[in-house]
Structure formats: C-alpha cells, structure tokens
Amino acid sequence: MTQEHQGDPAQPGGPDGPGGPRGWSARRKGVWSRVRLTSLRLRLVVVFGLVALTAAVSASGIAYWLNREAVLTRAQDAVLRDFEQEMRYRAGALPEHPTQDELQHTAGQMANSSQRFGVLLVSRNADGQAVYGSSGGLGGFALSDVPASLREAVDKEQKVTSANEYAYHLYWQRITDGDTPYLVAGTRVIGGGPTGYLLKSLEPEAKDLDSLAWSLGIATALALIGSALLAQALATTVLKPVHRLGVAARHLGEGRLDTRLRVSGTDELADLSRTFNSAAEALEKRVADMAGREQASRRFVADMSHELRTPLTAITAVTEVLEEELEFESGSIDPMIEPAVRLVVSETRRLNDLVENLMEVTRFDAGTARLVLDDVDVADQITACIDARAWLDAVDLDAERGIHARLDPRRLDVILANLIGNALKHGGSPVRVSVTRADDAVVIRVRDHGPGIPQDVLPHVFDRFYKASASRPRSEGSGLGLSIALENAHIHGGEITAANSPEGGAVFTLRLPQDTSPPTEDDDDAGPGSPDDAKGQPG
C-alpha cells in the first residue's frame, strides 16, 4: 500500500507524493542490444526514431503529469471541501459526548453528500468509552483503514499562535489498496467534538488517467512510425545522389572514364556532383594524354627496332665474315686492328640481342604476346635448353622424367635460358636445376654457387635495364633478360622469385601451373627464341 501525506491549515491542497496510478510512459522500460549499424540509411532512420521517441515521450510524460495533477487535485479539492463543510455543520452539531447511534446517523448523513464518500466518526460517550459511527455500518469504513501516520497528525494538538489560529487541522493522504487508489482525510471539530475521517475512491479518475496514458502512448507510437517513414523518405532523397556518386566512382575505378553524374539543384550534393564531373573529366583527359604518349613511345620503340633489323642483318653478315677471318691462323686481318675487329663483332652481337629483346618487350607492353600451348615434359625441355647452349658440363640437372605441364615450349625455353645463363654468368659453377611438383604447379629451382645477390639488389633484379654494379655498364647483358623471363612466366599464370640460399649462392624459383588456360594463338610477330635471350642480366 503506497501513501501520500499532506498537512494544510484550514484548506486542502498542496503537492502530492509519489502514489497514484502510473502512466504508460512511467511503466515502459526499453531494452537495447548493442548493434553495429553499418548502413547510413539505417543509422539515419534510427537517429530520427530516437529523436522522435525522445520528443514524444517527453511531451507525453509532461502532458500526463500535468493532467494527472489537474484531475487528482480537482477531485481531491472538491471532496475535501465537501467533507470540511459536513464536519463543520453536521459533526459540529453533535453533543460533546454523543452516543453510537448519533454518530452512526450523522456519518450516514455526511456520506450522502454530493461527493459520495465513506465517513467514520470517532468520539467518547459520557462514560469515557470510545464510540464509532461509520457510514457503511459495522462492516464498512473502520479506523484500521486509516494510516497510523494520518491518525497521529489528526490527533496532534497544535499550538495556537498569531500565525496558527486553530489547534487542529485537516490532513489527507492518498493510498492504494490493491490496484484501487483512495483518498483518506481526517480532522477534529474545533472547540470539542468528534474526530471525522473520510475514504473516497479515486478509481474513476484513475481510469481517466489510464485512458489518457493509452492515448499518449498511441500518439507516441504513431509519432515514432511517422518519424521512421519521414526518415526513410529523407534518406531516399539524400542518399540517392550519394548512391549514384558511389556507383559512378566505382565505374570510374573500373576504367570507365567517361562516367558523369547528372547535376540538378544548387545544394551541397549538386556541388559535389559538379566536382566529381570536373575531376572525372580532368582524369579522362590526363589518362588519354598519358595513353597517347605511351602508345607513341611503344610505337617508336617497335618501329625503331624493326627499322634496325634490316641494317643489323647486313652488319651481322659482315661481322660473321670478319669473325671467320679471325678464327684462321693465317687470316688476312692486320694484328694491329684485330682488337678493334673483335670489339665490333662483340658490340654488333650485343646490339642485335638488344633489338630482339626490345621487340619482345614491346609485344608484352602492347598486350600482343600470345601462348602456343603444348603438352611438355619439363625434364626433356630443360635438357634440350641446356644441350642447345652447350651447358651440359656446367649444369647439374635433378629432374625426373614424366612431370608434364601444358606450356608454351618456346617461352619456357626463353625463361630457362635466362635463368640458367644468368646463374652461369654471375654466379658460379656448378649450377643446379631441380624440378618438383607442388599442388597443381611445377616448381623449377635454379641455384648457383656464387656470392649471392646483394640485399639492396634483390628487389630490382627483374627491373628493366637494371645493372647490379655501376662499374660494369658495358656488360654483355642488356638488362632485359630477367624482365622478359618474368613476363613470360606471368603470361603462363606463373611467377619467378629470387633469393639467396642459406648454403650460399642465389636461387631463382620458377612456379608454373601444370595446366595453363585458356590456350591462345601465338601472334605472327613473335619471333623464335634464341640462346642469346639469356643475356639480359641484373648486373
């Protein structure tokens, strides 16, 4: 049983306590789970919903509280005013020591007032015994129904002063019995007389307040739903341009540089769309310029290499004749110019290799390099590569026959010639070549017994025209061999890595898929592989 207590000299009223029915907003408990919100639309709807919910609950709570106070205070004031009048005129007319019948009759008359409340009168008869009169008879309103604190306040005599004219005052309290709220009040007749108590049910007012709470709760729910719909509409309006911007940015990232956004309006999103269009236009122009320059550069290298092949063919024929003359002991070449002739022969061969490598690099850059696939026994292919270049004495082959792969034999030969030739030239004999299987791939390792590759050179061994030592700028290698080998591995879907072995020497690892797909026709410009392709070195 909850209670509210208030003392007031001469007049009912004052602030009420925490009792009474509780509204929907006071009973509602929210249980939130931690949810990670990743969608901007969802976050916007949630924020709108929270703002609307906070505003609606606050407004509903304030409205409920104000109406509750107004309803309860109005009902309470009317009851207390009527009770006070009844006590003054009816209870005050009783004799100083009334009988129980007189108290019972007066209590019944008081209860028949316009407010219809229960009345309990307490007094003492001529013998000094306590007598009671209740409007509900013996089973009606009893003294035990009155809170002890209220009885003590009613029976306590106040000191009469200039500020306090009466020794006794009217006191009231709100209590709850079960689910029904009641108003209990009591006072004594001034000047001697019975003590009176009233009991008034506030159930009609509580029902009105419950109806008000339900109405406010429904209004809050409708406000929440409306805010969610409004947030959804707003999110659609705001996020549609953002979605379009995201799609356009994705298309731009995929290479569709002609992507543009339709611009409408003068707001911030329209400015963002204009900025995106300007950036996309500038990017398209710059990429087009760069592509044009790159295409022109590739065309220049290709044309230059092609044009050099004709004079180089003639020069190569002449240098072959000079080289044959140098090989005969009774040659007709003057010993004084023999070193110059040998230099011309060597540099002509180097220039011819450089032109061939440049043409191969141009094919890779232009995307015209194609594969001609065949079922290859890897061990036989390595043996043929080594035998064609007379490296049998310097290379130790550890490869069992029967390891087959679908590869381009010519391009595999180019890769092997570069890796083995590089190991022989810059590493040290013997060079060990091993072949193993790994899942659906063939792994070929080429290891030498030289000093290894310096750590600062390792990241650059496959770079074009990279020389490991600046003191050897005129080495026989063109600096393109390893880069061409790597490109040939990539076109197969494979990879080449370089490292230093813990036992000493460098290790190049070639990994190729056993089934390279899809097979394509080789381009007409792809020339035959040459042993000289092995001359592209990192140093």
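Along the sequence shown, the residues carry numbers beginning at 1. Hydrogens, waters and symmetry mates are skipped; everything else that's a heavy atom, side chains included, is used.
- Among residues two or more places apart in sequence or in another chain, the salt bridge (charged side-chain N to carboxylate O under 4.0 Å, His left out) test is passed with Glu284 by Arg260.
- Distance check, rounded to the nearest 0.5 Å: CD of Gln514 to CG of Asp439 gives 9.5 Å.
- Judged by distance alone, the side chains of His404 and Asp375 do bring a donor and an acceptor atom under 3.5 Å apart.
- For the pair Arg151 (side chain) and Val146 (backbone), a donor-acceptor distance under 3.5 Å is present.
- Contact annotation: the side chain of Val119 never approaches that of Ser134 to less than 4.5 Å [non-hydrogen atoms, C-beta and beyond].
- The backbone N or O of Arg256 lies less than 3.5 Å from a partner atom in the side chain of Thr259, making a donor-acceptor pair.
- A salt bridge does not link Glu152 with Lys156: none of the charged nitrogens is closer than 4.0 Å to a carboxylate oxygen.
- Checking side-chain atoms of Arg411 against main-chain N and O of Arg370 turns up a donor-acceptor pair under 3.5 Å.
- Atom NE2 of His251 has more than 12 heavy atoms from other residues, nucleotides or ligands within 6.0 Å.
- Rounding to the nearest 0.5 Å places CG of Leu121 at 12.0 Å from OH of Tyr132.
- Open room surrounds CD on Glu268; 12 or fewer heavy atoms of other groups in view lie less than 6.0 Å from it.
- Residues passing the side-chain hydrogen bond (donor to acceptor under 3.5 Å, both in side chains) test with Asn112, sequence neighbours excluded: Arg116.
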### Query
Is there a side chain to side chain contact (heavy atoms under 4.5 Å, CB included) between Thr195 and Thr187 once you walk through the steps?
CA-CA 6 Å; Thr195 301; Thr187 188; over 6 Å; no
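- Here OG1 of Thr436 is found 8.0 Å from CZ of Arg511. Values are rounded to the nearest 0.5 Å.
- Under the salt bridge (charged side-chain N to carboxylate O under 4.0 Å, His left out) criterion, Lys285 pairs with no residue at all, not counting sequence neighbours.
- From Leu202, atom CG reaches atom CZ of Arg174 across 7.0 Å, with rounding to the nearest 0.5 Å.
- Summarising the geometry, atom CG belonging to Leu510 is positioned 7.0 Å from atom CG belonging to Leu412; distances are rounded to the nearest 0.5 Å.
- In terms of modelled atom types and a separation under 3.5 Å, the side chain of Arg293 and the main chain of Ala288 share no donor-acceptor contact.
- Between Asp271 and Arg274 there is a salt bridge, with a side-chain nitrogen of the basic residue lying less than 4.0 Å from a carboxylate oxygen of the acidic one.
- The main-chain N or O of Leu261 is found under 3.5 Å from a side-chain atom of Asn277 such that the two form a donor-acceptor pair.
- Atom CZ of Phe508 sits about 4.0 Å away from atom CD1 of Ile453, to the nearest 0.5 Å.
- At least one donor-acceptor pair under 3.5 Å links the side chain of Asn488 to the backbone N or O of Ile484.
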